[in-house]
A.B. asks: 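Got a structure for you, questions after.
We use all heavy atoms of the structure for the numbers below, so side chains are in, but hydrogens, waters and symmetry mates are not.
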Amino acid sequence: MRVRLLLEDPTSRNKQAILAAFDSHPNAEVRVFNPVATGRGTRLTYYLTLLAQFDRKHRRMHNKLWVTDNAVAITGGRNLGDEYFEVDAELNFNDLDVMAVGPVVATLSGSFDSFWNHPLAVPLRQFESAQDDAWHDLLFELAEDAAQGNALSTQPAFRRLAGEPGRSLFDSLVWAPAIALWDSPEKLAVTGYPPFELTLMNQLEGAFGRLEDEMLIISPYVIPTRAGVDILKGLAQRGITLSVLTNSLEATDVPSLHGAYAPWRPAMLKQGARLYELRGDLSRQPTRAVGEISSLHTKAMAFDRDRVFIGSLNADPRSLWWNSELGLLIDSRELGQQLWDLARQGMHPSRSYQVTLAENGSLRWETRRDGRKVVLDEEPGGFWRHVKAAALRLLPIEHLL
């Protein structure tokens with residue numbers, strides 16, 4: 001059995017020792033995509049080097065893909081970490097994946113190979129190596145964690161993917177035609193803005209063109225920019241209604257990004273968009289139970305009720321221009337209905353704020369607490385979250401976010 005692990009640079013830098021131990025196994029290999037090659041010893045030198053090479057090194061391989069035996073593939077928004085499997089004590093994300101079998105898996109596997117074999121994919125051993133038998137100690141540590149119930153593989157969310165539950169999951173698959181779409185690694189290799197033809201959004205233009213009635217966007221980060229508002233205006237002129245589910249200021253894990261999104265809300269609402277922001281921790285308790293969802297991380301779109309796109313694409317300039325992204329465009333009324341049902345759960349007044357415009361043009365946040373309708377005239381969220389959101393607006397970097 002051969003295992004290949006391809007990571008983006010920010011993910012790998014703080015875990016180089018354990019990754020090097022994994023890489024020491026004769027059947028395993030780790031590569032890092034578009035890494036900062038020097039100054040990796042300390043945080044300071046790393047970021048100084050990153051700034052010196054910023055035009056090239058700020059570009060991220062944001063794809064999320066798991067392929068097994070070229071037979072089964074999983075893609076979506078989920079990273080590999082406790083907080084993405086609802087077992088973290090501090091922060092847990094609401095995320096979404098799609099599992100695929102059939103001919104599309106070979107296409108997805110080919111997308112992985114295109115990144116794995118690209119010159120920007122650098123073997124981890126160029127930065128850090130371990131003794132040939134280091135993987136033995138790593139295996140022992142993982143076995144100890146499993147015995148104590150701390151390993152991810154012992155958690156309920158992970159066990160649902162294996163054994164008899166895994167077979168039930170396979171039996172529940174919805175059979176539908178799917179197309180794999182992804183950004184070419186060349187998108188991250190060019191200087192300056194890449195040609196639009198190299199972007200995943202270019203590949204989705206046909207889906208936008210076929211819209212008839214309504215569109216749904218679920219994304220943790222929404223920064224439409226002027227170009228996005230113009231697209232929304234065009235949709236509105238065609239009679240197409242847009243519904244957006246994203247994080248509120250109190251729920252987002254990156255308050256500074258919320259500062260780039262906030263000024264665009266009035267323009268979106270004036271074009272007829274329905275805007276919902278997932279609320280933060282509903283319990284408001286000093287400590288929270290492990291597994292409690294506290295932030296949205298799902299990235300998905302529905303084109304009318306019979307076509308969905310599920311992948312790693314956020315609704316922001318970074319996903320459009322600077323990241324590489326991946327996802328599946330699926331023609332299925334059944335999956336479309338499932339995605340809309342999931343969105344309606346998140347949009348429910350007990351779970352989210354609906355952002356609306358008052359007669360005087362100011363924003364309002366409508367929600368429901370203890371069974372009663374509540375209307376807020378000021379954006380909910382702690383003082384420091386407001387400060388972080390406001391600070392970013394002072395910087396001319398929206399195109400990088």
Side-chain angles (χ1 to χ4, degrees), residues 6-11 31-37 50 53-65 67 73 75-77 79 98 100 104-122 178-211 215 217 219 221-232 234-235 257 260 299-301 303 307-330 397-401:
L6 181 60
L7 301 172
E8 64 169 350
D9 193 33
T11 303
R31 294 184 183 180
V32 182
F33 200 85
N34 195 28
V36 173
L50 175 62
Q53 307 172 23
F54 187 75
D55 184 63
R56 179 63 60 84
K57 297 305 180 183
H58 78 95
R59 303 162 193 262
R60 297 177 56 192
M61 186 197 71
H62 196 242
N63 317 12
K64 293 95 166 55
L65 177 64
V67 182
T75 189
N79 294 306
V98 59
V104 75
V105 176
T107 309
L108 289 168
S109 183
S111 79
F112 176 89
D113 288 337
S114 70
F115 279 82
W116 180 263
N117 296 317
H118 195 274
L120 288 178
V122 179
I179 302 173
L181 305 178
W182 71 89
D183 285 311
S184 164
E186 288 303 315
K187 176 187 175 184
L188 306 186
V190 301
T191 301
Y193 280 90
F196 185 71
E197 292 73 20
L198 282 180
T199 69
L200 190 152
M201 190 60 68
N202 176 59
Q203 300 171 53
L204 283 171
E205 278 200 321
F208 280 92
R210 283 180 49 184
L211 275 167
M215 182 177 182
I217 294 177
S219 176
Y221 318 115
V222 175
I223 307 176
T225 72
R226 172 52 56 191
V229 172
D230 289 342
I231 292 174
L232 177 56
L235 293 178
L257 290 183
K299 303 107 165 32
M301 291 185 282
F303 300 90
R307 175 175 272 194
V308 300
F309 179 78
I310 299 172
S312 63
L313 184 73
N314 287 312
D316 57 22
R318 170 152 290 279
S319 281
L320 171 59
W321 298 115
W322 312 120
N323 290 350
S324 60
E325 308 289 358
L326 178 146
L328 286 176
L329 183 63
I330 309 168
I397 57 173
E398 182 184 72
H399 64 291
L400 295 174
L401 302 177

A.B. asks: Nearest 0.5 Å, what's the CD-CG distance between E325 and N314?
C.D. replies: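 E325 CD to N314 CG: 6.5 Å, rounded to 0.5 Å.
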A.B. asks: Using a 4.5 Å cut-off on heavy atoms from C-beta on, say whether the side chain of W182 contacts that of T107.
C.D. replies: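 T107 reaches W182 side chain to side chain.
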A.B. asks: So which atom in L400 and which in H58 form the shortest heavy-atom distance, rounded to 0.1 Å?
C.D. replies: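 Heavy atoms only, the tightest pair is CD2-CE1, 3.9 Å.
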A.B. asks: So do the side chains of V105 and V67 get within less than 4.5 Å of each other, counting heavy atoms only?
C.D. replies: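 In short, these two side chains touch, coming nearer than 4.5 Å.
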A.B. asks: Using the test side chain to side chain contact (heavy atoms under 4.5 Å, CB included), find all partners of A260 that sit at least two apart in sequence or belong to another chain.
C.D. replies: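 So A260 forms a side chain to side chain contact (heavy atoms under 4.5 Å, CB included) with I223, L392, L401.
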A.B. asks: With rounding to the nearest 0.5 angstrom, report the OG1 to CG distance, T225 to D230.
C.D. replies: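 So the gap between those two atoms works out to 8.5 Å.
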A.B. asks: Rounded at 0.5 Å granularity, tell me how far CZ in R59 sits from CG in N34.
C.D. replies: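 Taking CZ in R59 and CG in N34, the distance rounds to 8.5 Å.
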A.B. asks: Contact between L120 and P185 at the side-chain level, heavy atoms closer than 4.5 Å - yes or no?
C.D. replies: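 L120 does not reach P185 side chain to side chain.
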A.B. asks: With sequence neighbours excluded, what pairs up with R307 under the salt bridge (charged side-chain N to carboxylate O under 4.0 Å, His left out) test?
C.D. replies: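 Here the qualifying residues are D331.
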A.B. asks: Starting at CG of L50, measure out to CZ of R56 and round the result to the nearest 0.5 Å.
C.D. replies: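 Reported to 0.5 Å precision, the distance equals 13.0 Å.
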A.B. asks: Before you tell me yes or no, could you show the steps for S324 and N63 under side-chain hydrogen bond (donor to acceptor under 3.5 Å, both in side chains), namely the whole-Å CA-CA distance, both residues' side-chain angles and the distance that decides it to 0.1 Å?
C.D. replies: CA-CA 6 Å; S324 60; N63 317 12; 2.7 Å; yes
A.B. asks: Any side-chain heavy-atom pair from L198 and D183 closer than 4.5 angstrom?
C.D. replies: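 SC-SC contact between L198 and D183 ruled out.
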A.B. asks: Going by the rule side chain to side chain contact (heavy atoms under 4.5 Å, CB included), which residues pair with F208 if we only count those two or more places apart in sequence or in a different chain?
C.D. replies: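 Only M201, L204, L211, M215, M301, F303 meet the side chain to side chain contact (heavy atoms under 4.5 Å, CB included) criterion with F208.
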A.B. asks: For the side chain of R31 and the backbone of V122, is there at least one donor-acceptor N/O pair under 3.5 Å apart?
C.D. replies: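 Looks like no, no N/O pair under 3.5 Å.
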A.B. asks: Determine whether a donor-acceptor pair (N or O, by modelled atom type, separation under 3.5 Å) exists between the side chain of S219 and the backbone of V222.
C.D. replies: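 Not a single qualifying donor-acceptor pair exists.
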A.B. asks: Any donor-acceptor pair under 3.5 Å linking the side-chain atoms of R60 with those of N323?
C.D. replies: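 No pair is found: no donor N or O on one side chain lies under 3.5 Å from an acceptor on the other.
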A.B. asks: Check the orientation of F33 and F115. Use parallel for under 30°, tilted for 30 to 60°, and perpendicular for over 60°.
C.D. replies: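 Because their plane-to-plane angle lies in the 30° to 60° range, the rings of F33 and F115 count as tilted.
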A.B. asks: Are any non-hydrogen side-chain atoms of L320 and F196 less than 4.5 angstrom apart?
C.D. replies: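 Side chain of L320 against side chain of F196, heavy atoms only: contact under 4.5 Å found.
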A.B. asks: Atom CG of L328 and atom CG of L65: how far apart are they, to the nearest 0.5 Å?
C.D. replies: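 With rounding to 0.5 Å, CG (L328) is 9.0 Å from CG (L65).
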A.B. asks: Just by distance, do the side chain of S109 and the backbone of A106 share a donor-acceptor pair under 3.5 Å?
C.D. replies: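 Checking the backbone N and O of A106 against the side chain of S109, no donor-acceptor pair under 3.5 Å is found.
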A.B. asks: Taking atom NZ of K299 and atom NZ of K64, what is their separation to the nearest 0.5 Å?
C.D. replies: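 K299 atom NZ to K64 atom NZ measures 6.0 Å (nearest 0.5 Å).
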A.B. asks: Knowing that exactly one of I330, V98, I179, L200 qualifies, which makes a side chain to side chain contact (heavy atoms under 4.5 Å, CB included) with F309?
C.D. replies: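 Checked I330, V98, I179, L200 against F309; only one passes side chain to side chain contact (heavy atoms under 4.5 Å, CB included): L200.
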A.B. asks: Is a side-chain N or O of H62 found less than 3.5 angstrom from the main chain of S319, in a donor-acceptor match?
C.D. replies: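 It does not hold such a pair.
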A.B. asks: Side chains of K57 and D9: closer than 4.5 Å at any heavy-atom pair?
C.D. replies: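 Not touching, per the 4.5 Å side-chain cut-off.
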A.B. asks: Do the ring planes of H399 and W322 sit parallel (below 30°), tilted (30 to 60°) or perpendicular (above 60°)?
C.D. replies: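 Perpendicular: the ring planes of H399 and W322 meet at over 60°.
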